[in-house]
Amino acid sequence: HAGLRWCFVVEWITTRARDTGQLMHKAMEFIRNLHNIRERHRGCVATIGNFDGVHLGHQLIIKQLQHSAGLHGLPSVLLTFEPHPQEFFSPDNAPARLMRLREKLVCLRHYKLDQTVCLKFNLALAEMSAENFIRYILVDKLAVRHLITGDDFRFGNKRKGDLKLLEATGRKFGYQVECSHTCEVDGQRVSSSAVREALAIGDLARAERLLGRHYSICGRVVHGDKRGRELGYPTINIDMHRHRSPVSGIFATRIHGLGKKVHDAVTAIGTRPVFNGANVRLEAHILDFDLDVYGTHVCVELLHRLRPEQNFATVDDLKIQIEKDINEARRYFADVKGIKNVKREA
């Protein structure tokens, strides 16, 4: 039943991607857990990693994977884990996740991957020795013929597995190991940690350069406590499904998923200190829009940080600031559209 449920999830992702213009090639096959790997999946070129954010470094590895798969005439396979290993070992101290699994799958569909295999990171996998990981997963299950990995890749119990072990074992079992290319932006190695650092200080421009696109958060519109409507600024609330958010503050954003039109919005991500909030929420006030869209899956694209989240002495002070935020966002969108018009005319 679990496998069947995930078939429906993948079909939903494919449908959503097609509806939003994100599906650019044949459907990538998603395989959840080892027991769903079949004989037809054996024999491939693979890479392994968390791929949180699918940043430019990840994209370079995927291009390398595609190239090698083409040379060998074999399927390209991306092997990843859920949850993130650091969330398993230390859930309270794990880094903020850039992407949920569903967001990652939708993003990966931009690339011509044949298969993404997601392994459940549990105690059994955590305690599996590096040698057994290679033998049981890479050799017996996937029959990997060519593996692409970074020179700093660590795996297996107590992270004892490394590039040297992969190379030595490859000679024994008949697979080749290729080091992934290093990707740098402005002299800095691109990494998920670097993206998190940029987002944490509100440097969206830096995050965009590392990601190759604007950072976005996707999710389903859920019912909130209707405070925005009471204040005169109705909002849509997105269930973030994250232990922690990598970003906080007030942003000028674009909302995708509400029909064919992309909507400008002012979005708050934070705990709402004025109302003594505890959990991080995403609330977006869509400019010149007031329709019931509960249950709709949307993508919130962060363009410009207006200010950090802050507390206010009274609700009236908050309302005054919201009006300022909306006016500043309108000026931002007007400037952006003006620049685009100038470029078109040029």
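Bear in mind that the values here come from a model prediction, so they are computed numbers and not experimental data. In this chain, residues are counted from 1 in sequence order.
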Testing the basics here: between [X] and [Y], what is the closest heavy-atom pair and its distance to 0.1 Å?
{"X": "Ile201", "Y": "Arg305", "value": "O-NH1, 3.8 Å"}
{"X": "Ile62", "Y": "Phe51", "value": "CG1-CE2, 4.2 Å"}
{"X": "Ser76", "Y": "Ala69", "value": "CB-CB, 3.9 Å"}
{"X": "Leu163", "Y": "Thr149", "value": "CD1-CG2, 3.9 Å"}
{"X": "Val222", "Y": "Ile238", "value": "CG2-C, 4.5 Å"}
{"X": "Phe30", "Y": "Leu105", "value": "CD1-CD2, 3.6 Å"}

To the nearest 0.5 angstrom, please state how far the [atom1] atom of [X] sits from the [atom2] atom of [Y].
{"X": "Ile250", "Y": "Ile326", "atom1": "CD1", "atom2": "CD1", "answer": "11.0 Å"}
{"X": "Gln115", "Y": "Leu79", "atom1": "CD", "atom2": "CG", "answer": "11.0 Å"}
{"X": "Tyr233", "Y": "Glu283", "atom1": "OH", "atom2": "CD", "answer": "14.5 Å"}
{"X": "Leu210", "Y": "Cys183", "atom1": "CG", "atom2": "SG", "answer": "8.5 Å"}
{"X": "Asp151", "Y": "Lys164", "atom1": "CG", "atom2": "NZ", "answer": "11.5 Å"}
{"X": "Ile48", "Y": "Leu138", "atom1": "CD1", "atom2": "CG", "answer": "4.5 Å"}

May I ask you to say whether [X] pairs ionically with [Y], meaning some side-chain N is under 4.0 Å from a carboxylate O?
{"X": "Arg189", "Y": "Asp152", "result": "yes"}
{"X": "Arg254", "Y": "Asp264", "result": "no"}
{"X": "Arg331", "Y": "Glu328", "result": "no"}
{"X": "Lys104", "Y": "Asp52", "result": "no"}
{"X": "Glu208", "Y": "Arg213", "result": "no"}
{"X": "Arg38", "Y": "Glu29", "result": "no"}

Okay, side chain of [X], backbone of [Y]: is any donor-acceptor separation there less than 3.5 Å?
{"X": "Gln176", "Y": "Gly170", "result": "no"}
{"X": "His58", "Y": "His55", "result": "yes"}
{"X": "Ser90", "Y": "Asp92", "result": "no"}
{"X": "Arg32", "Y": "Leu119", "result": "no"}
{"X": "His72", "Y": "Ser68", "result": "yes"}
{"X": "Asp292", "Y": "Tyr294", "result": "yes"}
{"X": "Arg42", "Y": "Asp140", "result": "yes"}
{"X": "Tyr111", "Y": "Gln66", "result": "no"}
{"X": "Thr271", "Y": "Val280", "result": "no"}
{"X": "Thr296", "Y": "Val293", "result": "yes"}

I'd like to know whether Cys218 forms a side chain to side chain contact (heavy atoms under 4.5 Å, CB included) with Arg102, so could you lay out the CA-CA distance, the side-chain angles of the two residues, the decisive distance to 0.1 Å, and finally the verdict. CA-CA 9 Å; Cys218 303; Arg102 182 173 290 178; over 6 Å; no

What I'd like to find out is whether the side chain of [X] reaches to under 4.5 Å of the side chain of [Y], using heavy atoms alone.
{"X": "Leu125", "Y": "Phe88", "value": "no"}
{"X": "Cys44", "Y": "Arg145", "value": "no"}
{"X": "His223", "Y": "Asn237", "value": "no"}
{"X": "Ser216", "Y": "Val300", "value": "no"}
{"X": "Leu204", "Y": "Phe251", "value": "yes"}
{"X": "Phe155", "Y": "Ile134", "value": "yes"}
{"X": "His285", "Y": "Pro234", "value": "yes"}
{"X": "Asp288", "Y": "Arg330", "value": "yes"}

In terms of hydrophobic clustering (I, L, V, M, F, W, Y; side-chain heavy atoms under 4.5 Å; direct or indirect links), are [X] and [Y] co-clustered?
{"X": "Leu71", "Y": "Val77", "result": "no"}
{"X": "Leu147", "Y": "Leu74", "result": "no"}
{"X": "Leu165", "Y": "Phe173", "result": "yes"}
{"X": "Leu101", "Y": "Val117", "result": "no"}
{"X": "Phe81", "Y": "Leu98", "result": "no"}

What verdict does the side chain to side chain contact (heavy atoms under 4.5 Å, CB included) test give for Arg97 and His84, after you've listed the backbone C-alpha separation in whole Å, the side-chain angles of each residue and the deciding distance to 0.1 Å? CA-CA 8 Å; Arg97 185 184 290 217; His84 190 292; 4.2 Å; yes

Do [X] and [Y] get their side chains close enough for a donor-acceptor pair, meaning under 3.5 Å?
{"X": "Glu301", "Y": "His256", "result": "yes"}
{"X": "Asp325", "Y": "Gln321", "result": "yes"}
{"X": "Gln64", "Y": "Ser180", "result": "no"}

Given Met28, which of Leu78, Leu113, Asp114 fulfils the side chain to side chain contact (heavy atoms under 4.5 Å, CB included) condition? Leu113

Salt bridge (Lys or Arg N to Asp or Glu O under 4.0 Å) assessment of Glu103 paired with Arg100: CA-CA 5 Å; Glu103 292 172 296; Arg100 296 169 54 205; 5.0 Å; no

Output, in order, the C-alpha distance, side-chain angles, deciding distance and verdict of salt bridge (Lys or Arg N to Asp or Glu O under 4.0 Å) for Glu131 and Lys172. CA-CA 12 Å; Glu131 292 81 3; Lys172 177 180 178 181; over 6 Å; no

Below 30° counts as parallel, above 60° as perpendicular, anything between as tilted: where do the rings of Tyr332 and His304 land? parallel

Should the heavy atoms of other residues, nucleotides or ligands under 6.0 Å from OH of Tyr136 be counted, would the total exceed 12? no

Working for side chain to side chain contact (heavy atoms under 4.5 Å, CB included), residues Ile217 and Ile269: CA-CA 10 Å; Ile217 296 173; Ile269 303 174; 3.9 Å; yes

Take Thr267 and Leu302 through the test side chain to side chain contact (heavy atoms under 4.5 Å, CB included) and record every step on the way to the result. CA-CA 8 Å; Thr267 297; Leu302 277 62; 5.7 Å; no

